Structures are given as C-alpha cells and as structure tokens.
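The next block holds one structure in the form of structure tokens; read it before the comments.
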Amino acid sequence: MSNEAIAQQLRELADLTDYVGDSPFKARAYRQAAHTLETLTTPIEAIAEQGVDALQAIPGIGEAIAEKIVAYLQTGVLPKREQLLSQVPHGVLEVMAVPGIGAKTAKLLHDRLGVRDLESLRHALLSGAADQLPGLSPHKRERLLRLLELQHKSQRRTPLGFALQRGQDLLRAVQQVQGVQQAQLCGSARRMQEDIGDLDFLVATELPEPTLEALLKLPEIHAVYAQGAHRAQAFLSDGLQVDFRATPPNHWGAGLVYLTGSKAHTIRLRQRAQQRGLKLNEYGVWRGDVCIASESEEAVYAALGLPCIPPPLREDAGELEAAEQGRLPQLLQPQHVRGDLQSHSNWSDGFNTLEEMAQTAAALGYDYLAITDHAHLLGEGGEWMTAFEQRRREIDALNEQYGGRPYLLDALEVNIRADGSLDAPEAMLHRAQLVLAGVHDAHGMPREQMTQRLLRALEHPAVDILAHPTCRRYGKRLANDADWERIFERARALGKAVEINGYPTRMDPPTPLARALVESGAWVSLGTDSHAARDLPAMTLAVGLAQRAWATPERVLNTLARDALLQWLADRRQQV
DNA sequence: GCCGTTTTCGGCCCGACTGTTTTCAGTCG
C-alpha cells in the first residue's frame with residue numbers, strides 16, 4: 001500500500017513548502033491530496049496503471065500532483081521533496097511538529113539560532129538564547145520545554161480503546177463540574193478513529209469563563225497549555241492532550257458539528273454553506289446576521305440541505321456526496337450484534353475460565369460467544385485432541401447449564417504457517433464448529449508471497465473466517481502487505497468471512513482497508529480477540545471500525561441469530 | 001496547486017488564543 005507512504009511524503013512536502021515560504025495554497029493542495037490518498041480504498045498503483053487521466057480524475061489531484069505520484073511510483077521518492085530537503089535541514093520537520101511551532105517560527109529559530117532538530121531546539125530553549133526572538137516569551141519557552149518533555153514521554157497518538165476509556169472517565173468528572181449543563185466527548189474519539197491525538201470535550205454552559213477555570217482545576221489536569229474565554233487546552237499526566245470548548249446551550253448542535261470534525265469534513269460543510277449564500281461556524285448556520293440553525297446537529301445539516309451524517313463517516317471520504325444523493329448507509333449499530341466471534345479462555349492463553357467468559361457474555365446480552373482458543377496451545381504435542389475433546393465436554397456442559405444463554409461455540413483459532421498450511425490436525429479442524437485462521441509469525445513477507453499464503457489458508461475447507469488480516473499492532477508491528485482486493489474477492493466467492501478485529505492494540509484492518517472489505521461484499525466477522533472476560537466490551541471498538549468502513553448489518557455475521565449462524569456454518573461446510 | 005450552474009483567473013473555512021500587535025501575524029483545530 002503506497003497510498004499512506006505517498007501521503008506522508010506529500011505532507012512533508014507541504015511542511016517544507018510552508019517553511020521555504022512558497023504559496024500556502026500550494027501547501028494546502030498537497031495536504032488535501034494526502035488526505036484523499038489516505039481515504040482511498042484502492043491502491044494508487046492500480047489507478048496509476050490506468051493512466052495519468054485516471055489519477056487526475058481523483059478530486060484534489062491535478063496535473064502537477066499526478067506527475068509527482070507517477071514519479072514516486074517509479075523512483076520511490078517525490079523529486080520536489082528531495083529538492084527542498086537539499087536546501088533545508090531534515091530536522092526542521094520534527095521541529096515544526098512541536099505544537100506551537102509552525103513554519104515561520106521554525107525558520108526563525110533556524111536562521112537566528114541554528115536550530116535544526118529537536119535536540120538543538122531544546123538547547124536553544126534551555127540556554128535562554130531563544131528568549132531574544134520575537135514571539136518567544138519566557139512563558140512560551142517554559143511551555144515549549146514542558147511540551148518537549150511530555151512528547152518525549154508519550155506516544156504521539158493513542159489507540160482508540162485506551163483513549164475512549166480515559167475520555168469516558170474524564171467525561172464523568174467534567175459533567176460534575178459547577179456550571180456544566182451538558183458535556184460530550186467529540187473529536188476523533190467520537191468518530192471512532194483507530195487512534196487519537198487528543199480528547200475534545202464540548203461543554204454547554206451559560207458561564208464559560210468560570211466553568212473553564214473550574215475544569216482546569218480537575219485533579220486529572222497536569223498542565224495548562226492555553227486558556228481563554230471559550231476554549232482551553234491542557235495535558236494529562238501521561239501527555240495526552242485535552243481540549244475544552246465552551247458553548248452557549250442553544251448553540252449545542254453547531255458546537256458538536258464543529259468539535260467532532262473531521263477538519264476536512266467541516267471545511268466541505270463550510271464551502272457548501274458558502275455556495276448557498278450562508279456561513280457555517282461553531283455557533284450555527286448564518287444568513288447574514290441571522291442564525292438559522294444551531295440547536296441540534298440535525299438542524300445544522302438540514303439547513304445545508306443534508307441528512308445528519310453519522311460521526312464515524314465524517315471524513316470527507318464520499319459521505320457528503322452520499323448524503324446529497326440519499327445514499328447514506330444504514331450503519332451497523334451495537335444493538336445489532338448478537339455475539340462475539342473471537343475470544344480465548346484459559347484452555348489456551350486466555351486469563352479466564354469458560355464459565356467466567358460465558359457469564360460476562362451473558363451480562364453483555366449476547367446470544368453466543370465463540371471460544372476460539374489457539375489450536376496449537378490446546379495441550380502439548382500428541383495431547384491436542386485429548387485437550388480439545390475435554391474442552392468440548394466442558395463447553396457442552398456449560399451450554400446445558402446456561403440453557404444456551406449465551407451459547408458457547410466450540411471454535412478454534414489456527415495459525416497460518418508461512419506456506420499457507422494450517423498448524424492443527426485435520427481431525428480437529430473438521431470437528432470444530434467454527435475455525436478462524438490467522439497469521440501469527442513470519443510477518444513482513446513480500447506482497448505476493450503473503451497473498452498466496454492467505455489465499456491458500458482461505459481455500460482450506462475447514463476455515464470459516466480470516467482473522468486480523470493485516471496483523472498490525474500499535475507501536476509494535478506494521479500491517480502486512482498483500483493483494484487485499486484479491487483476498488477479499490476470494491473470500492466473497494467462497495462465502496467466507498474476514499474479521500474486523502476490535503482488540504484495542506490491533507483494530508485490524510485499518511479503516512480504508514476495512515472499507516474495501518465491506519465494498520467487496522464478503523461476509524464480515526466482528527471479534528474482540530478477548531484474552532480475558534474484561535476485554536469483551538471492546539466490541540464497541542469493532543463496531544466503530546465497521547461503521548467507519550460503512551458496514552450495514554446485512555453482511556455482518558454477528559448480526560445473525562444463533563440458529564442462523566449455525567445454519568451459515570453448516571451450509572458452507574456442505575458446499576465443500 | 002486545484003478548481004469552476006458565480007469563475008479557465010482569482011479565489012481558496014472560520015474563529016480562538018498567544019504574543020507585544022496599538023489592528024495584526026502565527027498557530028491551531
């Protein structure tokens with residue numbers, strides 16, 4: 001997938017363009033093209049093969065950027081970026097990434113103090129040399145030093161699962177603060193983006209200043225970055241950034257639209273308002289000085305001639321066109337989900353017993369839970385089948401005892417070896433009620449080899465679901481490369497499912513690929529990959545990712561009632 | 001650099017906060 005790689009280079013080119021003082025609109029065009037590439041569900045190579053006209057048919061990509069993409073695909077670099085980098089120290093890109101330092105400040109720091117990377121920036125700040133520069137007060141110097149410290153400690157982006165947890169805890173505290181009439185977590189967390197940069201809270205209040213003041217005194221707040229009459233920015237002790245935005249209660253809906261974003265979606269909405277002789281800001285939709293919509297999100301979208309677009313779709317990735325044409329998907333909702341199709345018990349590497357898993361699944365209201373213990377961890381060597389049969393008897397007993405509420409599926413997760421064969425005895429695979437196959441080692445193979453590996457596993461008659469397709473892990477492992485279009489198409493043709501995995505550090509496949517999966521028409525299976533009962537609520541994350549992929553309930557396996565799911569499994573096995 | 005039922009040239013979202021600006025530039029979301 002070069003899409004992300006080219007997008008990254010275009011963003012750097014945009015930063016460099018700002019740095020050297022070329023037209024800011026050029027930089028914006030580069031960033032817009034980068035965003036478009038990141039949301040494409042097709043590999044850019046495939047489009048480029050159809051010729052330069054196909055590239056230019058993509059919105060935001062014209063003659064010049066199309067040429068740059070072709071050059072990148074041929075040489076692996078953007079010539080313009082290389083040229084600028086030969087004039088500018090490499091490290092200014094990381095200096096510009098520090099919050100509060102933009103292109104102008106970075107250039108000033110370089111030209112006057114020789115700042116060329118984070119280390120020389122730290123030195124310039126500590127030595128006091130930076131105090132002499134316009135715009136760099138001692139106060140700002142302290143702030144920047146603290147930021148450098150925090151950035152050092154924290155990863156720049158936090159996986160959604162962890163961020164949502166922190167955001168919901170903090171939201172409860174926010175709602176208790178004097179003056180807060182209503183509060184909601186917005187931003188990328190509300191859009192269920194797989195990783196987030198900060199937590200954005202919208203707060204409805206009649207008294208913005210004292211309320212913000214009180215919010216910044218919450219014990220969770222470690223350091224205040226900026227504070228005004230309507231907005232405040234702060235950091236938690238682990239470096240996670242928090243933004244508070246106060247809004248008058250009667251402008252709540254417009255505030256939600258503004259703070260939920262995404263930025264690209266908001267800009268499109270504002271352009272749309274302009275085209276209709278209106279103006280959209282965080283307070284509402286305006287005709288001249290008259291506010292014509294502000295109280296609810298529905299009203300704001302309606303004033304722009306659109307149905308309300310669900311937050312996970314607000315990425316400027318075709319949702320405005322779909323809304324305009326009445327083609328918005330009827331998204332999958334959490335209440336559609338009847339059960340979880342990947343979980344592990346202490347029969348393999350899970351923490352909890354089958355019964356503890358069943359009890360939590362029952363508390364979640366599930367009809368079923370697939371216990372997908374790792375086949376190769378079920379007993380040692382020749383003991384596999386014995387352990388498997390013992391586990392089955394325990395599952396049968398629990399299903400009897402609980403009257404099938406929830407019903408536990410006697411399932412397996414099996415490792416796909418490097419050659420695409422499965423690491424489990426055939427007898428076991430065919431006796432299991434449901435089989436997930438997934439890659440657990442030999443990552444990072446060349447694309448074609450990985451493709452063949454996954455296709456071969458998919459062809460195995462016992463395999464029902466391809467688990468965590470790309471195997472990416474936050475902070476640990478990049479996504480595996482493969483010809484996903486072919487793999488999803490083969491899964492569709494075989495009537496098999498591909499998993500959307502909601503385990504917090506996996507969230508696999510990433511959004512654009514998940515959307516390609518949904519578009520392929522293959523069955524989708526939602527799994528939390530829980531290794532403990534307390535992980536099971538992560539289904540929220542899997543559903544969020546599926547929503548970002550535009551999934552509707554129809555092709556999601558987990559929306560089937562128990563008997564329909566068992567019938568689906570039986571039908572597929574008969575086809576073999 | 002992109003784009004066009006306002007435009008092939010002249011626009012390009014909009015407002016809050018910081019700093020030192022007595023009216024605005026830089027940065028951010």
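Because the structure is predicted, anything quoted here is derived from the model rather than measured. Each chain gets a letter, A, B and so on, in the order its sequence line appears, and its residues count up from 1.
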Could you measure between the two P atoms, the one in B:dC2 and the one in B:dT6, and give it in whole Å? 23 Å

Heavy atoms from C-beta onward define the side chain here; which of B:dC14, B:dT20, B:dG26 lies closest to that of A:K104? B:dG26

Checking contacts here: which listed nucleotide (B:dG1, B:dG29, B:dC13) is nearest the side-chain heavy atoms of A:I267? B:dC13

What integer number of Å spans the P atoms of B:dG11 and B:dT20? 33 Å

How close or far is atom C1' of B:dG29 from atom OH of A:Y225, stated in whole angstroms? 12 Å

Could you grab the distance from atom CZ of A:R11 to atom OH of A:Y30, nearest 0.5 Å is fine? 14.5 Å

If you check every side-chain atom of A:S23, which of B:dC28, B:dG1, B:dG19 has the closest atom? B:dG1

Between A:K279 and B:dG15, does any side-chain N or O lie under 4.0 Å from OP1 or OP2? yes

Heavy-atom nearest nucleotide on DNA chain B taken for A:I101 and for A:L133; more 5' hit belongs to A:L133

State whether A:T266 places a side-chain N or O below 4.0 Å from either non-bridging phosphate oxygen (OP1 or OP2) of B:dC13. no

Report yes if the side chains of A:E38 and A:T511 come closer than 4.5 Å at any heavy-atom pair, otherwise no. no

When you check the phosphate oxygens OP1 and OP2 of B:dC14, does a side-chain N or O of A:Q274 lie under 4.0 Å from one of them? yes

Is the shortest side-chain N/O distance from A:Y258 to OP1 or OP2 of B:dC28 below 4.0 Å? no

Picking from A:E315, A:E321, A:E319, A:E324, what satisfies salt bridge (charged side-chain N to carboxylate O under 4.0 Å, His left out) with A:R268? A:E321

C1' gap between B:dG19 and B:dG10, integer Å: 33 Å

So, under a plain 3.5 Å distance rule, would you say the side chain of A:R231 forms a donor-acceptor pair with the base of B:dC17? no

Is B:dC12 paired to anything, Watson-Crick or G-U wobble with both distances less than 3.5 Å, and if yes, which nucleotide? B:dG1

CG of A:L147 versus C1' of B:dC17: gap in Å, rounded? 15 Å

Just how far, in rounded Å, is C1' of B:dC28 from CG of A:L144? 14 Å

Among the candidates B:dG1, B:dT18, B:dT27, find the nucleotide nearest to the side-chain atoms of A:T105. B:dT27

Let me know the distance between CD of A:E324 and P of B:dT5, rounded to the nearest Å. 12 Å

Given B:dC17, B:dG29, B:dC2, the nucleotide with the shortest approach to the side chain of A:A64: B:dC2

Mapping A:Q227 and A:G100 to their closest nucleotides on DNA chain B, which lands nearer the 5' end? A:Q227

State whether a side-chain donor-acceptor pair under 3.5 Å links A:T247 with A:E282. no

Using a heavy-atom cut-off of under 4.0 Å over every strand shown, decide if A:P59 touches base, sugar-phosphate, or nothing. sugar-phosphate

Whole-angstrom distance between B:dC3 and B:dT8, as gauged at atom C1': 9 Å

Rounding to a whole Å, what distance do you find between A:M96:CE and B:dG26:P? 13 Å

Sticking with atom C1', work out how far B:dT27 lies from B:dT21, rounded to a whole angstrom. 15 Å

Which part of the nucleic acid, if any, lies within contact of A:L269, taking any heavy atom under 4.0 Å across all strands shown: a base, the sugar-phosphate backbone alone, or nothing? nothing

Roughly how many Å apart are B:dG29 and B:dT23, using the P atom of each and rounding to a whole number? 29 Å

Are side-chain heavy atoms of A:L526 and A:L332 found at a separation under 4.5 Å? yes

Are the ring of A:F25 and the six-membered base ring of B:dC2 within the stacking cut-offs of under 5.5 Å and under 30°? no

Nearest-angstrom distance from the residue atom CG of A:L13 to P of B:dG1: 9 Å

Picking from B:dG19, B:dC17, B:dG1, the nucleotide nearest the side-chain atoms of A:A226 would be B:dC17

Taking atom P of B:dG15 as reference, at what distance in whole Å does atom CG of A:L202 sit? 17 Å

With rounding to the closest Å, how many angstrom separate the P atoms on B:dT5 and B:dG1? 23 Å

Give the nucleotide from the list B:dC14, B:dG29, B:dG19 with an atom nearest to the side chain of A:R270. B:dC14

Considering only heavy side-chain atoms of A:Q241, the closest of B:dG19, B:dC12, B:dG29 is B:dG29

Would you please confirm or rule out a distance under 4.0 Å between OP1 or OP2 of B:dG1 and any side-chain N or O of A:K68? yes

Look at the side chain of A:K263 against the base of B:dG29 and say whether a donor-acceptor pair falls under 3.5 Å; ignore hydrogens and angles. yes

Hey, does A:A33 reach any base, or is it just sugar-phosphate, or nothing, if we go heavy atoms under 4.0 Å? nothing

Across the strands shown, which category fits A:A273 at heavy-atom distances under 4.0 angstrom: base, sugar-phosphate, nothing? nothing

Picking from B:dG1, B:dA16, B:dG19, the nucleotide nearest the side-chain atoms of A:Y283 would be B:dA16

Indicate the atoms forming the closest heavy-atom contact of A:D508 with A:P510, along with that distance. OD1-CD, 3.9 Å

Rounding to an integer number of Å, can you tell me how far A:F244 CZ sits from B:dG29 C1'? 16 Å

Distance-only donor-acceptor hits, side chain of residues 300-309 of chain A, under 3.5 Å, sequence neighbours excluded:
| unit_1 | atom_1 | unit_2 | atom_2 | d |
| --- | --- | --- | --- | --- |
| A:Y301 | OH | A:H265 | NE2 | 2.8 |
| A:Y301 | OH | A:R314 | NE | 3.2 |

Return each pair, listed once, that meets ring pair (Phe, Tyr, Trp, His ring centres under 6.0 Å) where at least one residue sits in residues 190-213 of chain A; pairs must be two or more places apart or across chains. A:F201-A:F244

Quick one: label A:R268 by what it contacts on the DNA or RNA (base, sugar-phosphate, nothing), any heavy atom closer than 4.0 Å. nothing

